[in-house]
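A short write-up of the structure that comes next.
It should be emphasised that the depicted structure is a prediction, and the values quoted were computed from it without experimental measurement.
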Amino acid sequence: AGVSVSPACHLRMPAEVDSVLIPMPPTTTSSSMGGEGYSYGSFPGAATALPHQRVLRDEAELCGVKLWMIVFYFNIFFSCVSFSIIVPSLAPYLERMNAPLSFLPWVVSIYAVGELIGSIAFGRLYDLAGRHVPGGNGPKVALAATIVVGMIGSAMYVAAEWYSSPWLVFFGRAVQGLWTGGKQAIEQAYVGCAVAPERQTEVTAVLGAFAVLGFITGPCFGAAFTAVDVSILGVRIDAYTGPGIFILLMTALMLCGTLSLFNGRTHAYRRKVIREIGTRADGKISEDDLAMALIRNPRIPEIFGYRPKSYSRATNARTIGIFICLWTHLIHFYSFAVQETVITPMAMRIYGWGQLGVNLLFVAAGVLSLIASVVLKFMARKFSERYLLQVSLVVGLTGCLLLMDNITVGSLLYAGPEILSLWRFILGFALITVAFPFGRTVSLGLYTNVLGPGDNGIWMGVIFAIGAIPRILGPFSAMATLELVHWRTWLEFASTGALFVLGIVAVWASYDLLITVKAVIKDVKCEEIKNESLENAKSHPYISELLRKVNDPELR
């Protein structure tokens, strides 16, 4: 049931829309988890499979990459392009509609407000759809719904030209924010269910790399429209309307890709565990098989969503982990909001740079962020999330210290290169640039692991909402802080550095408790059974519920 693409690349897809059955006669053998089991059949282009196992679309691969990940790569890349392609043309687009310049920051901020609301609302929709949509297609329905909202927002942005209405731009950007906020929450929640815990930070880093690449290339797509000024079927396409039309077309492609290639089921990792346990001729796992597997692998209950509340340490560790991840996420996003707000006026006012120099600076920052995301993918295999989180905070603090000018030199009414040397400005900017993708990705990966498996859409919405708050308030507070001390930078970056210090202290103080749910379960809840006899393991109160879960027809 594989379609050959090249000698080294196979597309593993079911022949039917839902699944295909691979009938394999059972043959008695020894299971890897102990006890009597059955041999697994194989098929072209695939790894081993259970007797009569369904090869579902969430397990399909193209050149060794899951199809759902390819869908995510495409969606994330173009959703980030949709943000950065608008930025250069937004001000003149509003000006053409006779909107005052003071209206611009409100249009910029409303996008972040939309992200805040959308991340929580669609996170909740993800949870509800996962429980009530039949066939395990809840994630697919929720993700498709967010993309439809994005299409509506993009259409509003384009229609503003016809009605010459800046308010239609305002509400269109708000609806687009709903789309991107909800999409992020749903995708990260799905990663938490579909990816093995030890690989979640690594996968999040790869997704982050596609996001950075989208931010970098967005203005390039926008620049292509500067040479266009045509009218097609009464629709004017130029440097200002072109980006909106481009986003509308991309969201339509996202919807098609999501509906056709994204199955949305979240059981691939659990199926792998079932393969390790081994099933009998009828395709079911017996109580004896499960009890033996529990003795050998105490993490099985956690993998299937068993998280009893009777263990205070597990509950406390999870609460602390959630708080630390939210706090560090907020710190990094506030630093990012300050950076994107004040770096341009600082470079122009202090060093006399022109627009070209500023553009080159941010192009270099984008490339640096992309490199940092790729490096993090490999570092995540060697170092724990706790360690990498501390590193991101230390790097951010160092960048802030370098960007603080010398308060003992010069007049308080003067800010110039003698006060903040150019090499300190560039190096501090580079360190803050690197700290953001590190901190954002690691805090997301650790947050996903701390939450553990289950319906966590609303919790994913919370962390993305937390990240949106600094982007709403940060630009206003950053400019006010600079103006308060006459464009001296010490107060701006001292206050931001203080947040990094608080983050470092918080992570250090809770380092021993800042562990993932899987570690808590292994150390506390399941340790008690690993040396027990088979009969005692079978007597545990959650054994029947767990047996029902591992024999769920959705996992067969």
Side-chain angles (χ1 to χ4, degrees), residues 71 73-101 103-112 114-115 118 144 146-183 210-260 355-356 358-359 362-363 366:
V71 172
Y73 294 157
F74 182 88
N75 290 357
I76 289 172
F77 174 77
F78 280 107
S79 63
C80 291
V81 166
S82 73
F83 174 81
S84 58
I85 194 177
I86 290 293
V87 173
S89 62
L90 182 57
Y93 190 43
L94 291 170
E95 185 180 1
R96 192 159 74 176
M97 301 174 194
N98 299 317
L101 185 61
F103 191 62
L104 176 61
W106 294 100
V107 176
V108 173
S109 294
I110 197 62
Y111 182 87
E115 282 192 318
T146 65
I147 298 174
V148 170
V149 170
M151 294 177 65
I152 294 172
S154 301
M156 293 171 66
Y157 186 88
V158 174
E161 166 74 10
W162 302 341
Y163 296 99
S164 189
S165 171
W167 283 105
L168 202 53
V169 175
F170 178 86
F171 289 112
R173 290 299 284 167
V175 174
Q176 287 179 321
L178 292 173
W179 158 49
T180 55
K183 186 185 67 65
F210 276 88
V212 172
L213 191 60
F215 283 124
I216 295 173
T217 56
C220 300
F221 284 102
F225 288 101
T226 58
V228 177
D229 191 359
V230 297
S231 181
I232 301 176
L233 299 177
V235 179
R236 184 180 180 183
I237 304 175
D238 57 17
Y240 308 122
T241 60
I245 295 173
F246 178 81
I247 298 171
L248 181 59
L249 294 176
M250 288 302 102
T251 49
L253 287 178
M254 290 181 199
L255 184 62
C256 293
T258 299
L259 293 176
S260 60
Q355 190 62 48
L356 177 60
V358 173
N359 287 342
F362 277 95
V363 168

Could you report the tightest heavy-atom contact between [X] and [Y], atom names first, then the distance?
X: T258; Y: A144; result: CG2-N, 4.4 Å
X: P166; Y: L94; result: CB-CD2, 4.0 Å
X: I237; Y: I245; result: CG1-CD1, 3.5 Å
X: I86; Y: P243; result: CD1-CB, 3.9 Å

Pairing residues for [X] by the side-chain contact (heavy atoms from CB on, under 4.5 Å) criterion, not counting sequence neighbours:
X: A160; answer: Y93, M97, L168, V169
X: S109; answer: F476
X: W167; answer: F103, S165, F170, F171
X: F215; answer: C80, F83, S84

Starting at [atom1] of [X], measure out to [atom2] of [Y] and round the result to the nearest 0.5 Å.
X: L259; Y: L255; atom1: CG; atom2: CG; result: 4.5 Å
X: L248; Y: T241; atom1: CG; atom2: OG1; result: 12.0 Å
X: L253; Y: T251; atom1: CG; atom2: OG1; result: 8.0 Å
X: T180; Y: I147; atom1: OG1; atom2: CD1; result: 12.0 Å

S79: what forms a side chain to side chain donor-acceptor pair (under 3.5 Å) with it, not counting sequence neighbours?
K183
In a check of side chain to side chain contact (heavy atoms under 4.5 Å, CB included) between I247 and each of W179, F78, Y157, which one passes?
W179
What residues form a ring-ring contact (aromatic ring centres under 6.0 Å, His included) with F210, not counting sequence neighbours?
Y73
Do M254 and M151 make a side-chain contact, defined as non-hydrogen atoms from C-beta onward lying under 4.5 Å apart?
no
How about V81 and M250: do any of their side-chain heavy atoms sit closer than 4.5 Å?
no
